[in-house]
S.K.: 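Below you will find the structure I want to go over with you.
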2 protein chains.
Amino acid sequence: MEQVSQQQSPPAKRPTIADIAKIVGVSKVSVSNALNGQPGVSDATRAKIAAVAEELGFVRNSAARALSGAKAAAVGLALCRPARMLGTEPFFMELIGGIEKVLSDASYSLALQVVSDHERGLEAYRRWWGERHIDGAILVDLRRDDARVPALEEMGLPTVVIGHPSGSGRLTPVWSDDAAAVRETMEYLAALGHRRVGRVAGLTGLVHTAIRDEAFTAACADLGLDALPTVHTDYTGEEGARATRRLLLSPTRPTAILYDNDITAVAGLSVAQELGLSVPRDLSLVAWDDSPLVQVVRPPLTALTRDIHAYGAHAARTLLDLVAGRPVDGYEDLAPQLTPRGSTAAPPAD
Amino acid sequence: MEQVSQQQSPPAKRPTIADIAKIVGVSKVSVSNALNGQPGVSDATRAKIAAVAEELGFVRNSAARALSGAKAAAVGLALCRPARMLGTEPFFMELIGGIEKVLSDASYSLALQVVSDHERGLEAYRRWWGERHIDGAILVDLRRDDARVPALEEMGLPTVVIGHPSGSGRLTPVWSDDAAAVRETMEYLAALGHRRVGRVAGLTGLVHTAIRDEAFTAACADLGLDALPTVHTDYTGEEGARATRRLLLSPTRPTAILYDNDITAVAGLSVAQELGLSVPRDLSLVAWDDSPLVQVVRPPLTALTRDIHAYGAHAARTLLDLVAGRPVDGYEDLAPQLTPRGSTAAPPAD
DNA sequence: CTTCACGCCTTAATCGGTTAACTGCCGATC
DNA sequence: GATCGGCAGTTAACCGATTAAGGCGTGAAG
């Protein structure tokens with residue numbers, strides 16, 4: 001706390017289109033048109049303007065541009081995570097990376113706010129939109145009967161919802177078929193010979209949790225498997241461990257467990273090993289979402305893989321279409337693919 | 001891709017201070033002053049204006065405000081991560097969470113851009129600043145002789161550097177004493193009886209890597225330990241595993257290894273177990289940065305703990321001071337604290 | 001009675017772009 | 001030769017807020 005290092009305030013004034021206009025000897029409007037590729041400027045003039053702009057290091061003032069009714073060239077994302085869940089899931093960094101890729105190619109930027117609850121998230125969207133700070137928004141962590149959906153609809157803010165169409169109202173959904181992934185996994189486990197499969201799920205309120213819950217129950221019924229009660233968690237390692245312990249110590253101990261994320265699956269693996277169970281000999285585990293994490297443990301976990309980066313990119317691309325007024329349908333991404341690794345095998349003979 | 005769900009464009013015009021002025025029967029200026037808590041407005045008028053603004057759901061147009069020379073109420077962060085490293089480290093989500101907390105309390109927002117290299121990161125800062133989109137910036141992943149430092153200095157963009165003062169030039173640094181943490185760890189390991197300690201480090205170019213490298217070498221010398229060559233990685237699990245394998249298969253196999261992040265440490269644990277080494281009986285491991293990850297594996301890893309959320313919050317607070325023109329020193333956060341867990345013990349008798 | 005200060009409020013100008021409407025001018029068309 | 005159309009470019013107005021400068025009435029001081 002001893003280091004002193006001051007910065008002086010910016011002295012130089014930024015060049016404006018008026019400066020360029022004066023130098024080139026044309027009007028502001030011609031400069032504006034030239035720089036924006038609008039017609040009505042000769043190629044010669046256009047070139048001269050471009051040269052001067054370059055030389056002066058001209059940068060458009062987005063405030064002025066926005067004020068004149070143009071786009072803000074930014075989209076908003078209010079991420080709702082209680083502090084302790086932050087950083088537990090690689091999912092969001094990946095997703096944001098994908099979103100960012102598309103946005104920055106279009107010279108859009110992302111306004112990000114991490115908030116404690118959906119209420120405050122909605123406030124952020126409302127402020128950004130009211131201030132004309134953003135042209136569109138991305139909504140994540142979709143809940144059942146999510147109050148944010150009607151609110152955003154009413155605001156008229158172009159929004160892409162990352163989540164199933166069943167919960168996205170009139171907003172544009174981008175989603176993947178989680179039910180299919182559950183089905184594929186259950187068929188795989190059933191084929192291996194498993195009859196009692198447990199499930200450690202995520203937060204109950206989320207739409208995708210409900211969808212997976214349902215698909216899980218349906219698959220059990222279809223495949224004639226024992227339906228064990230699903231245990232819900234908050235995605236943390238601790239709850240994943242607790243849930244796994246509960247399943248493994250119950251009288252109807254499962255021979256395989258399907259997790260809703262990577263952290264709980266890894267925690268489950270540790271619990272199993274603590275209890276003296278060998279994976280995959282005594283117990284098979286499947287993680288949802290592939291990440292460095294699940295590949296680094298021993299044995300590496302069988303996982304439901306999806307390209308989260310691409311998922312985010314699709315959402316961003318869809319939003320840009322929406323903002324530009326291009327006709328937009330929802331976008332269904334690929335369903336997560338089962339990637340078998342060392343954590344799944346036939347159940348013990350018993 | 002079948003779902004069709006259109007959104008209509010926003011029909012209603014947002015209320016402006018002119019609207020409020022007309023209704024209340026005063027001038028725009030009075031409205032502006034009233035809403036900004038400026039003097040020159042009677043309490044009665046002020047109350048009336050506030051009431052009408054509330055009723056109309058008035059939100060300030062930040063573009064217009066920015067155009068008139070006011071603050072942009074946002075700060076920028078260009079995060080430079082190659083795609084595959086994204087999401088591997090919980091560190092940045094935590095850091096951003098801490099930054100966000102402080103910013104949103106001050107009604108500031110964060111402009112975030114994930115870029116592929118520092119060159120593009122600098123471009124983002126330049127664009128944001130030129131556009132008056134941000135009032136200040138946060139710089140991370142500080143490298144030695146980082147070209148971004150002089151560039152930002154020259155731009156006059158108020159910037160807080162998350163990194164050691166030795167590399168932050170005239171910009172304001174926020175840092176923690178990594179050297180002290182290395183020293184503490186080495187003393188601990190030496191006290192346990194270790195004589196050969198290996199180190200799996202991060203990217204060579206980074207300032208904090210160099211500082212830890214140096215502290216490591218110095219500590220070895222001071223404590224009379226064998227100086228094994230440090231192995232550098234890109235923080236991924238794969239490279240962590242490779243580095244660990246290399247150390248463990250060398251003729252001078254270490255009895256303890258200090259890692260530069262959590263992912264490489266966990267990968268190292270797996271490698272050790274694969275090679276038939278028992279942790280901590282045959283080998284002790286120390287991870288840098290505590291995360292759910294290192295607590296979930298067996299045994300849970302001894303780690304260098306720091307409050308990353310608070311770290312980010314300090315950086316943001318310092319930046320807000322800087323932006324407001326308040327006198328600012330650099331800020332030295334607490335040094336990472338050693339948290340012993342099950343992965344460290346005395347070395348084998350040999 | 002003048003003068004000054006002050007509180008409250010107004011008008012005017014400004015930030016840096018964009019859009020709308022209009023002016024010359026040239027060549028093609030009838 | 002008059003008319004039309006299109007291109008290159010102009011001027012004027014405007015977006016919504018802020019700052020600067022000034023007016024006007026009231027009460028206190030000289």
Side-chain angles (χ1 to χ4, degrees), chain A residues 10 12-50 52-53 56-74 107 127-133 135, chain B residues 10 12-50 52-53 56-74 107 127-133 135:
Chain A
K13 228 180 70 62
R14 304 262 133 196
T16 71
I17 55 169
D19 299 328
I20 300 179
K22 210 181 312 163
I23 294 177
V24 178
V26 294
S27 70
K28 285 194 326 181
V29 176
S30 294
V31 176
S32 172
N33 287 332
L35 261 25
N36 289 322
Q38 297 296 108
V41 187
S42 69
D43 288 349
T45 312
R46 196 180 293 270
K48 231 181 302 175
I49 290 173
V52 174
L56 259 49
F58 171 78
V59 188
R60 245 184 226 82
N61 182 325
S62 68
R65 155 175 276 205
L67 190 51
S68 305
K71 299 284 176 201
S107 291
R127 184 166 57 86
W128 282 333
W129 181 234
E131 287 179 343
R132 293 274 180 274
H133 200 78
D135 300 321
Chain B
K13 230 179 67 61
R14 303 264 134 194
T16 71
I17 55 169
D19 299 329
I20 301 178
K22 209 180 313 162
I23 294 177
V24 178
V26 294
S27 71
K28 286 193 324 181
V29 176
S30 294
V31 175
S32 173
N33 287 332
L35 260 25
N36 290 320
Q38 297 297 108
V41 186
S42 69
D43 287 349
T45 312
R46 197 180 292 271
K48 231 182 302 174
I49 290 173
V52 173
L56 259 48
F58 171 77
V59 187
R60 245 184 227 81
N61 182 325
S62 67
R65 155 174 274 203
L67 190 53
S68 306
K71 298 283 178 203
S107 292
R127 183 166 59 85
W128 282 332
W129 182 233
E131 287 178 342
R132 293 273 181 275
H133 200 78
D135 300 321

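Chain A is the first sequence line, chain B the second, and so forth, proteins listed ahead of strands; every chain is numbered from 1.
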S.K.: How many whole angstroms separate atom CD of B:Gln38 from atom C1' of C:dC9?
M.R.: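 Roughly 15 Å, once rounded to whole Å.
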S.K.: Round to a whole Å and report the spacing from CZ of A:Arg60 to C1' of C:dG16.
M.R.: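 Taking CZ of A:Arg60 and C1' of C:dG16, I get 12 Å after rounding.
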S.K.: What does nucleotides 5-10 of chain D look like as a protein-contact string, B for base, S for sugar-phosphate only, - for none, at under 4.0 angstrom between heavy atoms?
M.R.: ---BBB
S.K.: Expressed in angstrom and rounded to an integer, what is the separation of B:Asn61 atom CG from D:dG16 atom P?
M.R.: 7 Å
S.K.: Going by the rule side chain to side chain contact (heavy atoms under 4.5 Å, CB included), which residues pair with B:Leu56 if we only count those two or more places apart in sequence or in a different chain?
M.R.: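 So B:Leu56 forms a side chain to side chain contact (heavy atoms under 4.5 Å, CB included) with B:Pro15, B:Asp19, B:Ile20, B:Ile23, B:Val52.
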S.K.: Please identify each residue that fulfils side chain to side chain contact (heavy atoms under 4.5 Å, CB included) with B:Ala47, with sequence neighbours left out.
M.R.: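 By the side chain to side chain contact (heavy atoms under 4.5 Å, CB included) rule, B:Ala47 matches no residue at all.
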S.K.: Atom CH2 of B:Trp129 and atom CG of B:Asp135: how far apart are they, to the nearest 0.5 Å?
M.R.: 7.0 Å
S.K.: If I take atom CG in residue A:Leu67 and atom P in nucleotide D:dC14, what distance separates them, rounded to the nearest angstrom?
M.R.: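 Result: 14 Å.
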S.K.: Using a 3.5 Å limit on both pairing distances, list the dot-bracket string of DNA chain C from the 5' end; Watson-Crick and G-U wobble pairs count, crossing pairs take [ ], interstrand pairs take |.
M.R.: ||||||||||||||||||||||||||||||
S.K.: Compile the donor-acceptor pairs under 3.5 Å between side chains in residues 31-44 of chain B and protein atoms, sequence neighbours left out, one pair per line.
M.R.:
residue, atom, partner, partner atom, Å
B:Asn33, ND2, B:Val29, O, 3.4
B:Asn36, OD1, B:Arg60, NE, 3.3
B:Asn36, OD1, B:Arg60, NH2, 2.7
B:Asn36, OD1, B:Arg65, NH2, 3.0
B:Asn36, ND2, B:Ser32, O, 3.0
B:Ser42, OG, B:Thr45, N, 3.3
B:Ser42, OG, B:Thr45, OG1, 2.7

S.K.: Whole angstrom is fine here: how far is it from NE2 in B:His133 over to C1' in C:dC15?
M.R.: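 Going from NE2 in B:His133 over to C1' in C:dC15 covers 18 Å.
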S.K.: Could you tell me the separation between the NZ atom of A:Lys22 and the C1' atom of C:dG16, rounded to a whole number of Å?
M.R.: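 Rounded to whole Å, this separation is 14 Å.
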S.K.: Measure the distance from CD1 on B:Ile17 to P on C:dT10 and round it to the nearest whole Å.
M.R.: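 Computing the B:Ile17:CD1 to C:dT10:P distance gives 12 Å.
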S.K.: For B:Ala64 and A:Asn36, take the nucleotide of DNA chain C holding the closest heavy atom to each; which residue's nucleotide lies nearer the 5' end?
M.R.: B:Ala64
S.K.: Quick one: pull up OG1 in B:Thr16 and CG in B:Asn61 and give me the separation to the nearest 0.5 Å.
M.R.: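 Going from OG1 on B:Thr16 over to CG on B:Asn61, the span is 9.5 Å.
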S.K.: Can you measure A:Ile20 atom CD1 to C:dG16 atom P for me and round it to whole angstrom units?
M.R.: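 The answer, rounded to whole Å, is 12 Å.
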S.K.: Taking all heavy atoms of A:Ala74 and all of A:His133, pick out the closest pair and write down the distance.
M.R.: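 Between these two residues, the closest heavy atoms are CB-O, 3.6 Å.
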S.K.: How would you list, by chain and number, every residue that makes a side chain to side chain contact (heavy atoms under 4.5 Å, CB included) with B:Ala73, sequence neighbours excluded?
M.R.: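 B:Ala73 satisfies side chain to side chain contact (heavy atoms under 4.5 Å, CB included) with B:Tyr108 only.
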